[in-house]
2 protein chains.
Amino acid sequence: MNNSYINGFKEALKKENLKFTNQRFSILQFLTNNDGHYDCDSIIDYLKKNKIKVSKATAYRTLDLLVKYDFCRKMVLDDGIARYENKLDATHHDHMICIDTGKIIEFMSPEIEKIQDDIAKDKGYKIIKHVHQLFVKKIS
Amino acid sequence: MNNSYINGFKEALKKENLKFTNQRFSILQFLTNNDGHYDCDSIIDYLKKNKIKVSKATAYRTLDLLVKYDFCRKMVLDDGIARYENKLDATHHDHMICIDTGKIIEFMSPEIEKIQDDIAKDKGYKIIKHVHQLFVKKIS
DNA sequence: ATTATTGCAAATCCTTTGCAGTACC
DNA sequence: GGTACTGCAAAGGATTTGCAATAAT
């Protein structure tokens with residue numbers, strides 16, 4: 001297992017004048033070890049099953065931090081609920097979401113990436129991040 | 001001015017067994033006459049300035065309806081706040097959002113549209129709707 | 001020892017819902 | 001006249017915040 005992200009995490013904490021705690025680390029660890037898209041409650045529930053107690057307050061505070069330092073990605077769908085996913089070592093990708101089942105499938109197109117860069121540049125901007133979600137149904 | 005959307009609106013209302021009321025119509029009218037992306041409160045504030053009183057309850061109920069019948073589009077950013085925009089007669093487009101100023105610029109790329117259709121088809125799905133947002137900064 | 005952390009419960013914010021009075025057909 | 005509408009205020013659900021007890025360096 002590649003644990004090099006731990007040092008990066010410690011550095012981020014130092015930069016923010018924060019301490020390395022079990023709660024913070026557990027959340028990071030959960031996300032880096034699990035592919036998938038989790039809302040705050042799911043993360044807390046999972047950790048609870050493993051005898052690690054984290055409050056919502058701490059979870060949200062930690063998730064904000066992880067997003068800020070690029071350890072994870074936040075996505076908010078139309079239901080207004082934030083979902084988080086590992087971003088470390090994960091190749092960049094976007095999401096296809098099945099309207100019927102809620103299943104999330106990842107996709108990535110270098111062509112699209114290039115075109116959107118060009119579009120932004122054209123208008124005098126550079127892309128900091130982007131959201132690209134396809135809401136789909138199975139072809140019957 | 002093209003007011004043909006009024007009939008479409010009346011038909012939608014009939015289909016839902018709903019009545020044509022001033023509040024509902026005012027919201028539709030505001031969105032069709034104004035390009036832009038408005039949250040619920042902004043819409044209510046604007047209408048209030050024009051002496052039209054609409055409650056939040058009614059506004060949200062109406063906006064849901066307008067989305068359902070494709071009169072407008074709902075978008076939720078990471079802040080969790082829903083924004084609505086006119087969809088009628090508007091050529092399809094996506095959004096570039098300036099991180100610093102909040103300015104929203106529209107864009108549209110037929111190439112991207114085609115590629116994403118192909119990606120979905122490839123996995124056995126068809127696209128019902130999509131969200132494509134570029135978060136950008138001005139090139140300095 | 002000092003300084004930041006945690007969890008709790010209360011507070012916020014956006015959105016939804018129940019209900020009594022009001023408006024449309 | 002009957003059925004649907006509106007606004008209000010209360011309820012809901014996700015997220016944030018203040019604070020006293022607790023843990024990290």
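Chain A is the first sequence line, chain B the second, and so forth, proteins listed ahead of strands; every chain is numbered from 1.
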* Asked: Quick one: what's the B/S/- string for nucleotides 17-22 of chain D, heavy-atom cutoff under 4.0 Å, read 5' to 3'?
  -> BB----
* Structure fact -> Here the distance between atom P of C/dG7 and atom CG of A/N22, to the nearest Å, is 10 Å
* **Under 4.0 angstrom between B/S55 side-chain N/O and D/dC8 OP1 or OP2** => no
* Parallel, tilted or perpendicular, as decided by the 30° and 60° cut-offs, for the rings of B/F20 and B/F9 -> perpendicular
* Check the distance between C/dC25's C1' and B/R24's CZ and give it to me in whole angstrom. => 14 Å
* Is the closest side-chain heavy-atom distance between A/R83 and A/L77 below 4.5 Å? -> yes
* Of A/L18 and A/K53, whose closest DNA chain C nucleotide lies nearer the 5' terminus? -> A/L18
* **Nucleotide nearest A/Q23 (side chain, heavy atoms from C-beta), chosen from D/dA24, D/dG7, C/dT6** => C/dT6
* Asked: DNA chain C: B/I81 or B/F20, which has the more 5' nearest nucleotide?
  -> B/I81
* To do: Can you tell me the distance, in whole Å, between the OH atom of A/Y38 and the C1' atom of D/dA14?
  => 20 Å
* To do: Let me know the distance between CG of B/L13 and C1' of D/dA4, rounded to the nearest Å.
  => 12 Å
* To do: Round to a whole Å and report the spacing from CD1 of A/I44 to P of C/dC8.
  => 10 Å
* Figure out the CZ/P separation between B/F25 and D/dT6, and round it to whole Å. => 14 Å
* Roughly how far, to the nearest 0.5 Å, is the NE2 atom of B/H130 from the CZ atom of A/F135? -> 10.5 Å
* For residues B/H132 and B/H92, establish whether the separation of their ring centroids is below 6.0 Å. => no
* For the pair made of CG in B/D64 and P in C/dC14, what is the distance, rounded to whole Å? -> 17 Å
* Which heavy atom of B/D79 sits nearest a heavy atom of B/I81, and at what distance? -> OD1-N, 2.9 Å
* Mind checking whether A/H93 and A/H37 have parallel, tilted or perpendicular rings, split at 30° and 60°? -> perpendicular
* **Residue A/T21, side-chain atoms from C-beta onward, closest of C/dT5, D/dT25, C/dC8** => C/dT5
* Protein-nucleotide distance (B/K19, atom NZ; D/dG1, atom C1'), rounded to Å -> 11 Å
* **Set of residues satisfying side-chain contact (heavy atoms from CB on, under 4.5 Å) with respect to A/D100, sequence neighbours excluded** => A/C98, A/K137
